[in-house]
Number of protein chains: 2
Amino acid sequence: MGLSKSSLSAKAPEERRDLILRATVTVVRDRGFAGTRVSDIAEAAGTSPGLVLYHFGSLNGALDAALTLLEDEFHDDLARDLQEQVGPVERLRHMGDLGAGLGPAVGDWRLWLELWVRALHDPGARETRESLDRRWRAALRGVIEEGIACGDFSPADADAAATRLASLMDGLAIQLALDDPDMSPERLIALWWEAAVLELRMNP
Amino acid sequence: MGLSKSSLSAKAPEERRDLILRATVTVVRDRGFAGTRVSDIAEAAGTSPGLVLYHFGSLNGALDAALTLLEDEFHDDLARDLQEQVGPVERLRHMGDLGAGLGPAVGDWRLWLELWVRALHDPGARETRESLDRRWRAALRGVIEEGIACGDFSPADADAAATRLASLMDGLAIQLALDDPDMSPERLIALWWEAAVLELRMNP
DNA sequence: CAGAGTCCTGAATGAGCGTTCAGGATGGCC
DNA sequence: GGCCATCCTGAACGCTCATTCAGGACTCTG
């Protein structure tokens, strides 16, 4: 029995660390930052509270590390996802799908809400939030410019249109995250797409 | 000295209760729901922790009561504010100002963020959130219909336009609440108004 | 195979905080 | 004036955690 126990311990510390990180994201997702305890993370990761602190120094350290993991994955997923699409119209449409939670890139909007509130009080979270937002908006802006270049889009003001479409997505997604009965992924996509058509004066 | 102390106590309990409620809102505004302690509220209200519990039963009771106070005031302020404006265009413009934080009705968007996150985990907050949202959207919807009736607005889809304009306001306001360097009250107003012009096909 | 370093555990510690409570003051009522 | 209900205080209680720590096990190195 000593063996069976030890087969789990001291084995592949990097894997363990990563496991804990993902467990942290999971716990934050349904408990929120404020409700996440060290023991919750440990339990979700199938390990002991001590190990969480061993790897990350403190609860806050684990939360911060989870945040940066999230940021990196978001970046990679988004870049990969968009590359798979051909042409600005398809890419734009795909960003709508991502916003509706259909892809891995945006993930769960509840996490975004949590991040926003944490950003109100924690400088690290504030930076992560800004960085994530910047990347998302830059991607949107890139798609729009691509569309302008090839004649698919002709917005009156590309900058304003990009900001509005990004903000609209946030606002719609809030309702989705909060399970508002008036919102659904399909409706979000439809509403957002119509706004995009309007803003970008798309050529049919 | 016994007198000077007693002059503050046991005097106007309703006032005291209200004072505590307002103190609660203040504390939540800059500490957040998760960071608000009973002693913070007591200190901000210039009273003792015991009294907070005496009036509201528990910390959560105080937070909930503060939330309903907020909801009522929001409702009253919004109705009054809008009545002071003449015509749908003026009213719509005023709603933009309110969203930018210029009026008392919307108050502080940081509180809205906090409310959203609390709504993720607390049923009471969820209801308050939905109610506030409904009222705000109903007001917007009312203004839009008024504008349609008198020919100022002619949106392709009034429902969709209302939802989008409300959501856009939320999304823009998040950046304002988070002190995003790319956002300011003036920019929010301008961006939102342009969207309204576009969505509602306003007659100039 | 001995020793050292790394990884891991879970019980102990101690701080922070919600809540309780015993008691004091006030104001109204008879 | 005496009495009672209400209002109010702040010290004390007890619980919930984050964090510490002493020790055990594994892996690698020589």
Side-chain angles (χ1 to χ4, degrees), chain A residues 1-25 27-28 30-67 118 121-122 124-125, chain B residues 1-24 26-28 30-67 118 121-122 124-125:
Chain A
M1 340 91 165
L3 275 179
S4 76
K5 185 179 184 182
S6 54
S7 71
L8 276 177
S9 69
K11 189 180 168 190
E14 279 309 309
E15 264 178 46
R16 222 77 190 311
R17 198 189 135 97
D18 202 61
L19 196 67
I20 293 174
L21 230 35
R22 290 180 192 287
T24 304
V25 173
V27 175
V28 170
D30 51 53
R31 288 249 213 292
F33 277 106
T36 296
R37 323 251 158 270
V38 175
S39 57
D40 294 332
I41 298 174
E43 192 178 355
T47 182
S48 66
L51 191 61
V52 178
L53 280 301
Y54 173 79
H55 277 304
F56 301 101
S58 69
L59 172 59
N60 251 291
L63 296 176
D64 288 348
L67 235 37
R118 183 156 229 248
H121 308 105
D122 176 87
Chain B
M1 338 91 168
L3 274 181
S4 77
K5 187 180 184 182
S6 56
S7 71
L8 276 178
S9 69
K11 189 179 168 190
E14 278 310 308
E15 265 179 46
R16 222 79 192 309
R17 200 189 133 95
D18 201 63
L19 196 67
I20 292 174
L21 230 36
R22 291 181 191 287
T24 304
T26 304
V27 175
V28 170
D30 52 55
R31 289 248 213 292
F33 276 106
T36 296
R37 323 254 155 268
V38 175
S39 58
D40 294 332
I41 297 175
E43 192 178 356
T47 182
S48 68
L51 191 61
V52 177
L53 281 300
Y54 173 78
H55 277 302
F56 301 101
S58 68
L59 171 59
N60 252 290
L63 296 177
D64 287 348
L67 235 37
R118 184 156 227 250
H121 308 104
D122 177 87

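This structure is a prediction, so every number in the text was calculated from the model and none was measured. Atoms considered below: every heavy atom in the structure, side chains included; atoms not considered: hydrogens, waters and symmetry mates.
- Side chains of A:L67 and A:F33 form a contact here, defined as non-hydrogen atoms less than 4.5 Å apart.
- Applying the side-chain hydrogen bond (donor to acceptor under 3.5 Å, both in side chains) definition to pairs two or more places apart or across chains, those involving residues 43-67 of chain B are B:N60-B:R118, B:D64-B:R118.
- Within residues 43-58 of chain B, the residues having any heavy atom under 4.0 Å from DNA chain D are, by residue number, B:T47, B:S48, B:G50, B:L51, B:Y54, B:H55.
- Separating the CG atom of A:L19 from the C1' atom of C:dC7 is a distance of 15 Å, rounded to the nearest angstrom.
- Rounding to whole angstrom units, CD of residue A:E15 and C1' of C:dC8 are separated by 15 Å.
- Residues forming a salt bridge (charged side-chain N to carboxylate O under 4.0 Å, His left out) with A:R37 (at least two apart in sequence, or on another chain): none.
- Atom CD1 of A:I41 and atom C1' of C:dC8 are 17 Å apart (whole Å).
- Contact check, A:R16 against C:dC8: a side-chain N or O comes under 4.0 Å of OP1 or OP2.
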Close N or O pairs between protein and nucleotides 12-17 of chain C (under 3.5 Å):
unit_1	atom_1	unit_2	atom_2	d
C:dC17	OP1	B:R37	NE	2.7

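- Rounding to the nearest 0.5 angstrom, the gap separating the CZ atom in A:R16 from the CG atom in A:L51 is 6.0 Å.
- Once rounded to the nearest 0.5 Å, the distance linking CD1 of A:I41 with CG of A:L19 reads 12.0 Å.
- Counting heavy atoms from C-beta on, the side chains of B:I20 and B:T24 come closer than 4.5 Å.
- Evaluation of the salt bridge (charged side-chain N to carboxylate O under 4.0 Å, His left out) rule for A:D30 yields no partner, not counting sequence neighbours.
- For A:R17, there are no salt bridge (charged side-chain N to carboxylate O under 4.0 Å, His left out) partners at least two apart in sequence or on another chain.
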